[in-house]
Trainee: 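For reference, the structure I am asking about is given below.
One is the number of the first residue; the rest follow in order along the sequence. Read the numbers this way: they start at 1 and go in the same order the structure lists the ligands and their atoms. Given the structure is predicted, the values throughout are model-derived calculations rather than measurements.
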Amino acid sequence: MNVPMLDLTIQYDQLKDEMNDAIQEVLRSARFILGPNVQKLEKDIAAYSRVGFGVGVGNGSDALHIALEACGVKAGDEVITTAFTFFATAGAIARIGAIPVFVDIDPRTYNIDPSKIEEKINEKTKAILPVHLYGQTADMDPIMELAKKYNLHIIEDAAQAIGAEYKGKKVGEFSSAACFSFFPTKNLGAYGDGGMIISNDGEIAEKCRVIRVHGSKPKYYHHVLGYNSRLDELQAAILNVKFPHLDQWSELRREKASNYTNLLNEQLGDRVVTPYEAEGHHHIFHQYTIRVEKRDELQKYLQEQGVSTMVYYPKPLHLQPVFAELGYKEGDLPVTEEVSHQVVSLPMFPELTLEQQQYVVRKIAEFYTK
Ligand SMILES: *Cc1c(COP(=O)(O)O)cnc(C)c1O
C-alpha cells in the first residue's frame, strides 16, 4: 500500500466542474488583479473569522511581513516569537530589519510557552508573534495579558490554523492582525501561492491594503514604501470554490486524528506521544504530529513500506546559519531542540481512508517490535 502525506487530486475530482467553471469565468472576465473574487474572499474570510477586514496578498510570508509593517514594526525593533516553526515566521521579522527574539515552547502543544515571554520583554519589544502550529492555537489568554500590560501588538501566524478556535474565539479575534497562507498544502489551499491578513482594526487593514500596492494611495501617489503583493484573482476564484467546504474538511481531519490516536494508543501505548489538544482549544489538524524515539530510522522504515512522513521542523530557527549573528547556541531552547529531534508528521488529509490509517499504524508498530 502507498500512503502519501497529502493527496490533492481527490479534492479536485470532487470539485472539478465547479472549479473549471470558476476559472473559465475569470478568463472570460479578463479581470486578473484585485477583482470581485478577491473582494468576495476577503469579505467571507473576515466574516468567518468574526473580524472586520480581510486583505488578500501574494502569500503567507508576505502577509506576515506586511502585517508587521502595518503595525509599525521597524528596523531594530524586537519581536518575540517561537523558533519551532516554518522559516517565514522569523524571516518576515528579519526582512524588516527587526530582531526575532526566540522563546521556548510548551512540550505538549509545541506552541510558544507564554510563561517564558515576559522575561524577554524590554523597551525595544514591539510585538509578539505566536504561531498556531499544526492547527492548534497558542495559549492566547496569557499572551493577550502581556500584550495589554506592555502595550504590544500581537500578530498571529495562522498559516496552519484557519478555522482553529481558542475558548470559543476564532483565530484573528485575539490580535492586531492574523496571517493566513493559501499555499497548496495548507488546509485551505490555492493552486499556487496566496495569503491573507485579517484584522479588526480598520487602520491596520487599510495600511496593509496600501502596502500591497506599492504604498500607492491615491493611485500613483506614494507616502509609504510598499511593494507588489496581491492575491491573484484566479487563485481567489479557486479559493471561493473551496472555502465553503473548509469546516467540513476540518471535521474530517479531526476524525482522522482521533482514529490515529486510538490506533496508536492500542498498538503502541506509551511508545509514541500522540497530539495533545489543550482544553478549550479546537485543533484543526493541519498536521498530525507524534513524538517518537529513533525518529529518523522510523521515517526510513516507513518510506520503505510506502508510507510518506515529514518532519516539521528538523532544525529550529535559532540554530539556522542565517540567524547565527543573533548569537543563539545549542542548549538555549532545550524543549524546542529536544522536540525537533523527535517529531514526525503522519499522512493527513480529509480523504485519508481508515485502511490507510490502519496500515500506517501497523507499520509503526512493526518497526518498534521487530
Ligand atoms: C506556510 C507557512 C508560512 C508561509 O506561508 P507561504 O504562503 O508559504 O508564504 C508561514 N508560517 C507558517 C507557520 C507556515 O506554515
Trainee: Would you mind listing which atoms of ligand 1 come within a distance below 4.0 Å of any non-hydrogen atom of Ala159?
Mentor: 2 (C), 3 (C), 10 (C), 11 (N), 12 (C), 14 (C), 15 (O)
Trainee: Mark up the atoms of ligand 1 that fall under 4.0 Å of a heavy atom belonging to Thr89, in ascending order.
Mentor: 11 (N)
Trainee: Closer than 4.0 angstrom, basic N to acidic O: yes or no for Glu69 and Arg95?
Mentor: no
Trainee: Can you report which non-hydrogen protein atom sits closest to atom 13 (C) of ligand 1, along with the distance?
Mentor: Asp157 OD2, 3.4 Å
Trainee: Suppose I only count heavy atoms of Thr85 and a 4.0 Å limit; which atoms of ligand 1 are within that range?
Mentor: 13 (C)
Trainee: What's the verdict on side chain to side chain contact (heavy atoms under 4.5 Å, CB included) for Ile364 and Leu346, showing C-alpha distance, side-chain angles and the deciding distance?
Mentor: CA-CA 10 Å; Ile364 298 173; Leu346 305 183; 4.0 Å; yes
Trainee: Just to be sure I read this right, does ligand 1 sit under 4.0 Å from the backbone of Asn59, its side chain, both, or neither, counting only heavy atoms?
Mentor: both
Trainee: Which bit of Ser61 gets closer than 4.0 Å to ligand 1, counting heavy atoms only: side chain, backbone, both or neither?
Mentor: both
Trainee: Would one find an N or O of Phe182, backbone or side chain, under 3.5 Å from an N or O of ligand 1?
Mentor: no
Trainee: Exactly one of His281, His286, Glu156, His283 should register a side-chain hydrogen bond (donor to acceptor under 3.5 Å, both in side chains) with His132. Which one does?
Mentor: Glu156
Trainee: Any N/O of Ser181 closer than 3.5 Å to an N/O of ligand 1?
Mentor: yes
Trainee: Distance under 6.0 Å and angle within 45° of the ring axis: does Lys186 meet both against Phe180?
Mentor: no
Trainee: If we ignore hydrogens and angles and just use 3.5 Å, is the side chain of Asn200 paired with the main-chain N or O of Gly52 as donor and acceptor?
Mentor: yes
Trainee: In terms of side-chain geometry, is the basic nitrogen of Lys363 or Glu304 positioned less than 4.0 Å from the acidic oxygen of its partner?
Mentor: no
Trainee: Considering only heavy atoms of Ala88, which atoms of ligand 1 have at least one such atom less than 4.0 Å away?
Mentor: 4 (C), 10 (C)
Trainee: Walk me through it: do Ile66 and Ile197 pass the test side chain to side chain contact (heavy atoms under 4.5 Å, CB included)?
Mentor: CA-CA 8 Å; Ile66 293 171; Ile197 302 148; 3.7 Å; yes
Trainee: Starting from atom 2 (C) of ligand 1, what is the nearest protein heavy atom, named by residue and atom, and what distance separates them?
Mentor: Lys186 NZ, 2.6 Å
